[in-house]
Each structure stands twice: as structure tokens, then as C-alpha cells.
Amino acid sequence: MSTSCLMVGAGLSGAVIGRRLAEQGHKITVMDGRPHIGGNCHTERDTETGVLVHLYGPHIFHTDDEEVWAYVNRFATFRPYKNRVKTTTRGAVYSLPINLHTINQFFGQTLRPEEARRFIEAKADTTISDPQTFEEQALRFVGRDLYEAFFQGYTIKQWGCSPTELPASILKRLPVRFNYDDNYFFHRFQGMPEEGYTAMIARILDHPNITVHLEATVTRDRAAAFDHVFYSGPIDGWFDFRLGRLGYRTLDFERFSHKGDWQGCAVMNYGDVDVPWTRITEHKHFAPWESHDGSVLYREYSRACGPDDIPYYPIRQVAEKSLLAEYVALARAEENVTFTGRLGTYRYLDMDVTIREALDCAAAYLRAVGDGGAMPAFTVNPL
Ligand SMILES: Cc1cc2nc3c(=O)[nH]c(=O)nc-3n(C[C@H](O)[C@H](O)[C@H](O)COP(=O)(O)OP(=O)(O)OC[C@H]3O[C@@H](n4cnc5c(N)ncnc54)[C@H](O)[C@@H]3O)c2cc1C
């Protein structure tokens, strides 16, 4: 049986679900309020320098999921890429995540791995037995010196509050490596799509059963015209924010250009609280196989998200979670709408997780259509 489905959002969620259903004969309409596809993964060429830019912040693909890795490689050529982040703090440049090089440089030591482990254990605040806050967790893991230099200022800027107000769960495990591995991610598969994410998503959407409409913002009253709607916009937005707005952090990007190489790496964090930006990204370093004389960079600032700003990071503190629970109850009462993706479920999702959940969501819909069952409002639990 063929159905007609509306994908609200032409980001990874809408594109991946739409493609899977289109391949099974369903008619797919994709609508996005923006003038481009790709959602927040959107990449485009900078007109001045020709450099490929990640317009909504730097995106590095990494995953352990073999099916997801095979999926993205079907639609794009991936070049090997390791994310090696640096940070400027207290007038010096260090390697992140904190590793043996960082420790030796910061403390002026020449420690080997086991010596460094004992050294850091001696710095850790063992009087904290049951850490409740981000600050307590960091102090317990790494002690005050590393915490203040590498976590405190950056966290205040990123979240707009003191680490004493954030839950310990943000820092789940020891954020330190006792070797010289400075690869930011642990995942087996890592890379960059040679022509950018938007080209990859364009290929995902390129199917005779898919029609894409841009600059087309969808409201709830449009749903009735389709057999089913997959909504990857903000869950509170679907209900016209009638219970209030879920809290997000938004980002401001300040562009500047330069001849040659400005900072020598793709991402430079800034740990000091008196430097207002959190990081500077020099996009040409994401594509070392290309050659550009000019360079384009973005300073990134984080602040509270207002009604007209782009929502980036869900806050998910106690107050937001209780409001989310109310919206989830409303969503579960909707007919023929499934809420997906980072905004539809109000969670931070890496791209590989977004694709995994989109593939699972499409499979659930195909099963429901096949056996006449109901398609739920969520195929993952957003709470
Ligand atoms: C700063 C930043 C850096 C990141 N870096 C990485 C990284 O390095 N690696 C990684 O794996 N992941 C990264 N991510 C995560 C990645 O951006 C997400 O996994 C991905 O964008 C989720 O795709 P999505 O389709 O769910 O949402 P989105 O990309 O947000 O797409 C949703 C789309 O829906 C549209 N929309 C919303 N409401 C409506 C409406 N009512 N009508 C029509 N259209 C609507 C929006 O315009 C948008 O285009 C990063 C995220 C951020 C914020």
C-alpha cells in the first residue's frame, strides 16, 4: 500500500526517513522553512574564499554503527578526518581532550602514563564522595587546577550559568587520557564528506517519489492533507508554544576572513571566561585535500535562545524536563504525527544517532503500514 507522507524539515531526520519510505513506494513531500536543505548540517561555499563552510557550526562525522557508516558512504565519498581540537587558556595553547601532552605541558612535567595517573589522582578532591554538580564531578575527577583552566570558564560561557548549577551527569566519565591520543572522538569510523553534508543530503533526497519545497514553514493545520506527518521541528512549536517555550542555547557566529592560515587548526577553544567567544573555527582545515589561498573563520558565541533565534542546544534541566513531559503528553494525543530528530524529541543528537533513529523510525512506519498497526508519536522515548 502506498501512502502520502509529509516530512517537516529537510535535515538528516526528514531526508533519511523520507528516502527509506520513498524506496518502498510511498509518496513523500519534504518541506523546510529555510531556503536550503540539510538542516543544521548545512554546508556551502564561502563566496569570498571558495572554502566549504559548515554554516551552523562545525560538524565531524563519527560513529561505531556499521549500518549508519555504510548508509552515509552510499550517498557521499568520505575522506578520513580526525578532529584534533586545541584550547587557549591562561595565555598558552594546549591539546584537547586533556591528554598526557596537556598534563605534562600544563604542570611542567615529563610524566609517563602510570605516573600521570597517580599524579592526577593525587590532585582529585577525594572528599567529594557523591558529586551532585558538574563542578563537584570535575573536582573529583581532575582537581581544581585542571578544572579551572579547562572546564570552568568554557562551561560558564557555553551554558550561561555556573558549573555549580549544572548536574554532574554532564561529565559522565573521566575526561582525561593518560596517553598522547588527541583524537577528539573514540568512534571507529570518522570522516568528512568530500563535497559537504548538503551535497550528501541532496543525494539522499534525490528520488522520484520525493518532492522538496523550501521556504515552506509548516503549521499543524497542514497535517490533515497527508496520511502521516514526520515532524522534525521543535516539539513546542508544533503546538504553537501554548504551554510555554522549552529552553535552548543559541549561537552567534561572527565571520572574518584572512589570507593564508590564521590559526593553523580547524577548532580552537577559548577557556578563559573573559574571552567572550567559546571557540574559533577555521573551515578550510576540515578539507585538507582542497587548496585555498584565502581563509574564512567564525567566532562562536553562546547565549540564551530568544523566540526569533535558532534553537541549538536543548537545556534539559529540571524545569525544561517537566514542560517537555507536558508537550510529550500532547504529542501522544495527536493522530498521524510522529515527532523525530533533535528538535522533535528535544535532545542533543549526533548525526550518526540521528540517522540510526531515522532508519528505525522508517522501519516502524513500514511495519505499521504492513500490519495495519498504529504508528506511535515517538519511536524513541524523549523523556
Ligand atoms: C553547533 C553544533 C555542532 C554539531 N556538531 C556535530 C558534530 O560534529 N558531529 C555530529 O555527529 N553531530 C553534530 N551536531 C548534531 C547535528 O547537527 C544533528 O545531529 C542534526 O542536525 C540533526 O538533524 P535533524 O534533521 O534532526 O535536525 P535539523 O538539522 O535541525 O533539521 C530540522 C529542520 O527542520 C526545519 N523546520 C523546523 N520547523 C519547521 C517547520 N515548522 N516547518 C518547516 N521546516 C521546519 C528546520 O528549518 C531544519 O532545517 C552538532 C549540532 C550543533 C548544534
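Every value quoted in this text rests on a predicted model; they were computed, and no experiment measured them. In each ligand, atom 1 is the first atom listed, and ligand 1 is the first ligand listed.
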Starting from [atom], what is the nearest protein heavy atom, named by residue and atom, and what distance separates them?
| atom | answer |
| --- | --- |
| atom 49 (O) of ligand 1 | Asp32 OD2, 2.7 Å |
| atom 8 (O) of ligand 1 | Ile60 N, 2.8 Å |
| atom 30 (O) of ligand 1 | Arg342 NE, 2.8 Å |
| atom 53 (C) of ligand 1 | Tyr312 CD2, 3.4 Å |
| atom 24 (P) of ligand 1 | Ser13 OG, 3.4 Å |
| atom 40 (C) of ligand 1 | Val8 CG1, 3.5 Å |
| atom 19 (O) of ligand 1 | Leu349 O, 2.5 Å |
| atom 16 (C) of ligand 1 | His59 NE2, 3.4 Å |

Parallel, tilted or perpendicular, as decided by the 30° and 60° cut-offs, for the rings of His187 and His62: parallel

Donor-acceptor side-chain pairing of [X] and [Y] below 3.5 angstrom:
| X | Y | value |
| --- | --- | --- |
| Tyr301 | Glu254 | yes |
| Thr89 | Thr87 | no |
| Thr379 | Asp360 | no |
| Thr127 | Asp125 | yes |
| Trp238 | Glu334 | yes |
| His42 | Thr198 | yes |
| Asn40 | Arg34 | yes |
| Gln132 | Asp130 | yes |
| Tyr147 | Glu135 | yes |
| His26 | Thr3 | yes |
| His228 | Thr338 | yes |

Taking only heavy atoms of [X], which atoms of ligand 1 are found under 4.0 Å from at least one of them?
| X | result |
| --- | --- |
| Tyr56 | 1 (C) |
| Gly11 | 25 (O), 31 (O) |
| Cys41 | 20 (C), 21 (O) |
| Gly233 | 37 (C), 38 (N) |
| Met31 | 43 (C), 44 (N) |
| Gly341 | 26 (O) |

Please indicate whether any nitrogen or oxygen in [X] is less than 3.5 Å from any nitrogen or oxygen in ligand 1.
| X | result |
| --- | --- |
| Leu12 | yes |
| Thr217 | no |
| Glu300 | no |
| Gly33 | yes |
| Gly38 | no |
| Met351 | yes |
| Tyr348 | yes |
| Phe185 | no |
| Tyr313 | no |

Would you kindly specify which portion of [X] sits under 4.0 Å from ligand 1, judged on non-hydrogen atoms: side chain, backbone, both or neither?
| X | result |
| --- | --- |
| Thr354 | side chain |
| Leu251 | side chain |
| Pro58 | backbone |

Aromatic ring proximity, centroids under 6.0 angstrom, His54 and Tyr197: yes

Test applied, side chain to side chain contact (heavy atoms under 4.5 Å, CB included); reference residue, Ile355; option that passes from Asp350, Val68, Ile17, Ile204: Val68

Below 4.0 Å from any atom of ligand 1, is there a heavy atom belonging to [X]?
| X | result |
| --- | --- |
| Gly344 | no |
| Ala358 | no |
| Ser232 | yes |

Main-chain N/O of Ile280 paired with Gln263 side-chain donor or acceptor, under 3.5 Å: yes

Lys/Arg N to Asp/Glu carboxylate O, Arg245 vs Asp236, below 4.0 Å: no

